[in-house]
Amino acid sequence: MGLTSVGLGSGLDINGIVSALVTSEQAPKVAQFNTKEGAINAEISALGSLKSSLSEFKSSLSFLSKTDSFDSQSVSLSKSTYLSATVSNNAVSGSYNVAVEQLAVSQKVGSAAVSDVTAALDEGSLNFAVDGNSFDVAVTAEDTLQTLVAKINADENNVGITATIVNSDDGAKLVLTSNKTGTANNVIVSATDTGSGTVLADTFAMTELQPAKDSIIYIDGLKLTSSSNTVEGAIDGVILNLKDADIDKPTTLTVAQNTNSIKSGIKSFVEAFNAVSKTITGLTSYNAATETAAVLQGDSLPRGIQSQLRGVISSAFSTSDGNLSLASIGITTTRSGTLEIDDDILTAALKNNVTGIKEMFTAEDTGVAAKLDGYLDSYVGTGSIIDSRDSSLDGNLERLSDQREVFARKMAAFEARLFKQYNYMDLIVGQLSTQSSDLQSRLDSLPGLVSQNN
């Protein structure tokens, strides 16, 4: 930059002149850089939107690519008062009449009543057994009924007993409850006194307060007894959870193919495909009214993707029940290129030929999901076509940045050269002006000359 905004010798605005010259030289090239950079960034953004949409479509194929998705079973009950049920995929479709006669109950036993739960008992030991398993609790001279409750519950070898103290009109009792229901899980208590008396044996002479019971159910008239209220294996693939009992009020349990989950998966697939279709349309469109082209208008990449996807969508697929297509199960293409579902046709197809539909979607290498996934992976996978385009565009941005730096140095040199030239000119003009003034002064001092200023 110049040292002054106005030339000392010439009076010219050197800074303004140099700035105008540099700007006139610099502006067109900077505008060209900005335009090119904007176009590259717009293309990178467009490719990002395209890749994101394709990735979501690829994710939607996960459900439809698994055979388990088409083997899903559901269970329904005519009433929920007496039981609930869960079902696995290996359950067989059918209807069952289930009546609950009796719920399984845990046994409860109580000690002899004592007047003071904090009174010391006697030295010895207690043995607790449930279904063939047992553990021992040592009793010291300081132990009371209250401290034994804590010892029993906290014992790391406890085999499934919960102790508590219950107060009654007769006094306080230590009550033991089996943690498991059923007659196989009765509680047996043995007391051994090592002191002078029989305090432990007398206190732990247990009385049954609640007898253990097994659950009893009838399935289509067939009786089944279980130690638990959670009954597995009564019906293949079905777990019954018993809640209440009334033998005269049976529940109808129905196992059927869960077509709702398949429909949901197909709906997600169609929505994801339509999102891709709309994204591609938006990126490749041309607005005739504004004469504006979208970023990827005329680009072969989105057109190629669209062509491949539509090719799979419109294809026929071989199954054990003959050829099937998406259109044959109610998934058709609209005039705009999106997909739509005819629910009536799809429902009927799933009811009559779910096996064929499963094969059409899940067949390895040749099914709908496998073919689409293969095409999509080539565009969105690591090192894919879109990744390569992105890398190329990133390289273009780096080169453009280098060009900007080179041009900036060129403009700095140009500006410095102009300042040097104009400052030199200003110096010459200043010298000439000084010489002119000096000469005029000499002439004015000569005898016989009259100054024009007079």
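Note that the coordinates shown come from a computational prediction; the quantities given were computed from them, not determined experimentally. Throughout, residue positions are numbered sequentially from 1 according to the sequence presented.
Contact check for Ile331 versus Ile329: side-chain heavy atoms found under the 4.5 Å cut-off. The closest side-chain heavy-atom distance from Lys51 to Ser55 is below 4.5 Å. The shortest side-chain heavy-atom distance between Leu326 and Thr332 does not fall under the 4.5 Å cut-off. Residues Gln257 and Leu350 have side chains not in contact (no heavy-atom distance under 4.5 Å, counting atoms from C-beta outward). Residues Val380 and Lys58 meet the side-chain proximity criterion, which asks for heavy atoms closer than 4.5 Å.
Looking only at atom types and distance, the side chain of Ser106 has no donor-acceptor partner in the side chain of Asn185 under 3.5 Å away. Side-chain contact check for Ser88 and Asn90: at least one donor-acceptor pair (N or O, by modelled atom type) lies under 3.5 Å. Remark: the Asp214 side chain and the Ser227 side chain contain no N/O donor-acceptor pair separated by less than 3.5 Å. Between the side chains of Lys79 and Thr252, no donor-acceptor pair is found at a separation under 3.5 Å.
Residue Val406 forms a side-chain contact (heavy atoms from CB on, under 4.5 Å) with just one option from Gln403, Arg409, Arg404, Lys410, and that option is Arg409. Evaluated for a side-chain contact (heavy atoms from CB on, under 4.5 Å) with Ser226, the options Ile216, Val231, Ile217 yield exactly one hit, Val231.
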Working for side-chain contact (heavy atoms from CB on, under 4.5 Å), residues Val75 and Leu253: CA-CA 7 Å; Val75 62; Leu253 182 151; 3.8 Å; yes
Stepwise side-chain hydrogen bond (donor to acceptor under 3.5 Å, both in side chains) test for Thr338 and Thr334: CA-CA 5 Å; Thr338 58; Thr334 66; 2.8 Å; yes
Intermediate values then yes/no, side-chain contact (heavy atoms from CB on, under 4.5 Å), Asp394 and Ile44: CA-CA 8 Å; Asp394 287 340; Ile44 290 174; 3.7 Å; yes
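Scanning for ring-ring contact (aromatic ring centres under 6.0 Å, His included) contacts around Phe57 gives Phe269, Phe273, with sequence neighbours left out. Every residue two or more places apart in sequence or in another chain that forms a side-chain contact (heavy atoms from CB on, under 4.5 Å) with Asp299 is listed here: Glu43, Leu296, Leu301, Pro302, Arg389.
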